[in-house]
Number of protein chains: 2
Amino acid sequence: MANNLQFSIAVHLLAGLACGCDQKGVTSGHLAESVNTSASFVRRTLAKLSKAGLVETATGKAGACWLAKDAKNISLLDIYQAVDAPKAFAIHGYSEQKACFVSCHIKAALEKALTKTQKAMAASLAEISLAQIVSDVKKK
Amino acid sequence: MANNLQFSIAVHLLAGLACGCDQKGVTSGHLAESVNTSASFVRRTLAKLSKAGLVETATGKAGACWLAKDAKNISLLDIYQAVDAPKAFAIHGYSEQKACFVSCHIKAALEKALTKTQKAMAASLAEISLAQIVSDVKKK
DNA sequence: TTATTCTGCAACTATTGTGGTAACAGTTAT
DNA sequence: ATAACTGTTACCACAATAGTTGCAGAATAA
């Protein structure tokens with residue numbers, strides 16, 4: 001476990017909604033079955049997607065959820081940001097050792113590198129739309 | 001904790017070796033002080049870098065380590081691969097639900113997306129050399 | 001109105017990946 | 001021989017993650 005699966009699962013959920021493999025009126029329970037995880041975790045993830053404006057939900061007895069936009073207009077980057085997935089790599093937060101200037105200044109240098117890499121990653125994710133994922137799934 | 005810091009620390013270590021902030025004959029103990037972690041963890045990380053041919057070490061009483069190549073010829077990608085850092089994102093490994101074809105085929109689609117993103121990330125890391133990092137550190 | 005069945009949210013628990021620690025074998029300079 | 005380092009392994013503690021449970025709120029149907 002201990003790895004962050006929310007992004008992966010969020011894409012799965014949205015793909016499910018996008019291709020309507022279940023008929024109208026999909027509940028978190030249905031989605032949970034497809035992903036094979038707990039309904040609660042689905043709702044937790046779905047809540048983030050909802051806040052990001054990627055899905056809309058209905059409460060109440062006939063509760064359900066659906067895509068808020070066309071799958072073509074949802075990129076993996078949107079999803080990545082919505083679930084607040086971890087950065088490309090982490091930077092260690094040890095206290096600086098005054099005697100060694102590498103120790104004092106490495107953090108800034110690493111952050112610069114991280115920013116650059118993060119941008120490259122984001123650009124790549126932005127190029128993939130949910131529609132593309134759905135298409136790949138259906139092709140198989 | 002629980003985040004992977006090896007990459008970050010490896011860069012720190014190599015930067016330290018590259019700029020020779022400590023005089024010749026750097027031991028894992030010295031490096032550990034700079035990074036502010038345990039000597040053992042330094043050795044563990046250093047061992048990976050050594051296997052990848054980025055550093056060379058001397059065993060025995062006067063043990064030490066130094067860069068195997070010029071800092072200009074070491075990219076962050078080399079370091080990233082040497083420490084076997086985690087991928088851009090993880091893919092969930094839940095079992096397939098036969099009734100739902102999204103569940104059955106999402107993994108392949110995700111892997112395709114991951115490969116693409118991973119390449120973008122690698123390309124970005126490849127553009128940054130250790131010499132660049134050292135330069136940034138010294139500039140500060 | 002009442003019962004039902006969803007979502008939304010907030011604990012709490014269990015698992016597991018991570019670095020920290022310690023111990024030991026191997027190597028080399030003194 | 002002794003000392004001091006690397007290389008490696010095994011084990012421990014911590015923390016982040018997902019799983020679980022419970023409950024309030026909302027909408028529908030009777």
Side-chain angles (χ1 to χ4, degrees), chain A residues 1-10 12-13 17 22-33 35-52 54-66 68 82-87 89-95, chain B residues 1-10 12-13 17 22 24-33 35-66 68 82-87 89-95:
Chain A
M1 200 198 301
N3 253 330
N4 192 311
L5 301 174
Q6 284 214 22
F7 174 71
S8 169
I9 288 172
H12 186 152
L13 292 176
L17 292 177
D22 298 302
Q23 51 281 47
K24 236 4 185 188
V26 185
T27 68
S28 63
H30 291 150
L31 286 170
E33 276 178 31
V35 181
N36 207 7
T37 184
S38 63
S40 174
F41 186 45
V42 169
R43 285 208 293 270
R44 221 184 297 175
T45 305
L46 227 37
K48 287 187 184 177
L49 298 174
S50 170
K51 271 173 194 144
L54 301 182
V55 303
E56 291 176 356
T57 61
T59 59
K61 178 168 181 184
C65 56
W66 57 90
V83 299
D84 196 30
K87 295 285 186 299
F89 58 84
I91 296 179
H92 60 290
Y94 297 116
S95 62
Chain B
M1 200 198 302
N3 254 330
N4 192 309
L5 301 175
Q6 284 212 23
F7 173 70
S8 169
I9 288 173
H12 186 152
L13 292 175
L17 292 176
D22 297 302
K24 233 13 182 182
V26 184
T27 68
S28 64
H30 290 152
L31 287 170
E33 278 179 28
V35 180
N36 207 7
T37 184
S38 64
S40 177
F41 185 45
V42 169
R43 285 206 297 269
R44 223 183 297 173
T45 305
L46 228 36
K48 287 188 183 175
L49 297 174
S50 168
K51 269 172 195 147
L54 300 182
V55 302
E56 291 177 354
T57 61
T59 58
K61 177 169 180 181
C65 57
W66 58 91
V83 299
D84 195 30
K87 296 287 189 297
F89 58 86
I91 296 179
H92 61 288
Y94 298 120
S95 62

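Each chain gets a letter, A, B and so on, in the order the sequences are listed, and its residues count up from 1. All values below come from the heavy atoms of this structure, side chains included, with hydrogens, waters and symmetry mates left out.
Going from atom CG of N3(B) over to atom C1' of dA15(D) covers 10 Å, rounded to whole Å. The interatomic distance linking N4(B) (CG) with dG20(C) (P) rounds to 12 Å, in whole Å. We find that CD1 of I9(A) is positioned 11 Å from C1' of dG19(D), with the value rounded to whole Å. Distance, L5(A) CG to dA16(D) C1': 12 Å, rounded to whole Å. Atom CG in N36(A) sits roughly 11 Å away from atom P in dT20(D) (whole-Å rounding). Protein atom NE2 of H30(B) is 14 Å distant from nucleotide atom C1' of dT6(D), rounded to whole Å. One atom, CZ of F41(A), and another, P of dG19(D), lie 6 Å apart when rounded to the nearest Å. Taking atom CG of residue L13(B) and atom C1' of nucleotide dT6(D), one finds them 15 Å apart after rounding to whole Å.
Taking side-chain N and O atoms only, T37(B) has no distance below 4.0 Å to OP1 or OP2 of dG19(C). Listed pair Q6(B) / dT18(C) fails the phosphate criterion, with no side-chain N or O lying under 4.0 Å from OP1 or OP2.
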Note to self: Run the side-chain contact (heavy atoms from CB on, under 4.5 Å) test on I91(A) and L5(B) for me, step by step, so that the C-alpha distance in whole Å, both residues' side-chain angles and the decisive distance to 0.1 Å come before the verdict.
What the structure shows: CA-CA 6 Å; I91(A) 296 179; L5(B) 301 175; over 6 Å; no
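Between I9(B) and V83(B), the closest side-chain pair of non-hydrogen atoms is not below 4.5 Å. In this structure, C65(B) and L13(B) have side chains that are not in contact, with every pair of non-hydrogen atoms separated by 4.5 Å or more. Within the 4.5 Å cutoff, the side chain of V35(B) has no heavy atoms near those of the F41(B) side chain.
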Which pairs, protein N/O on one side and nucleotides 1-4 of chain D N/O on the other, fall under 3.5 Å?
none

List, with names and distances, any nitrogen or oxygen atoms from the protein found under 3.5 Å away from nitrogen or oxygen atoms belonging to nucleotides 8-11 of chain C.
| unit_1 | atom_1 | unit_2 | atom_2 | d |
| --- | --- | --- | --- | --- |
| dG8(C) | OP1 | T57(A) | OG1 | 2.6 |
| dG8(C) | N7 | R43(A) | NE | 3.0 |
| dG8(C) | O6 | R43(A) | NH2 | 3.3 |

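Here the shortest heavy-atom pairing between G29(A) and A39(A) reads CA-CB, 4.3 Å. Here the shortest heavy-atom pairing between K48(A) and A82(A) reads CB-O, 3.7 Å. Nearest heavy-atom pair across S38(B) and A32(B) is C-CB, 3.8 Å.
Scored by the ring-ring contact (aromatic ring centres under 6.0 Å, His included) test, F7(A) finds Y80(A), F89(B) as partners (sequence neighbours excluded).
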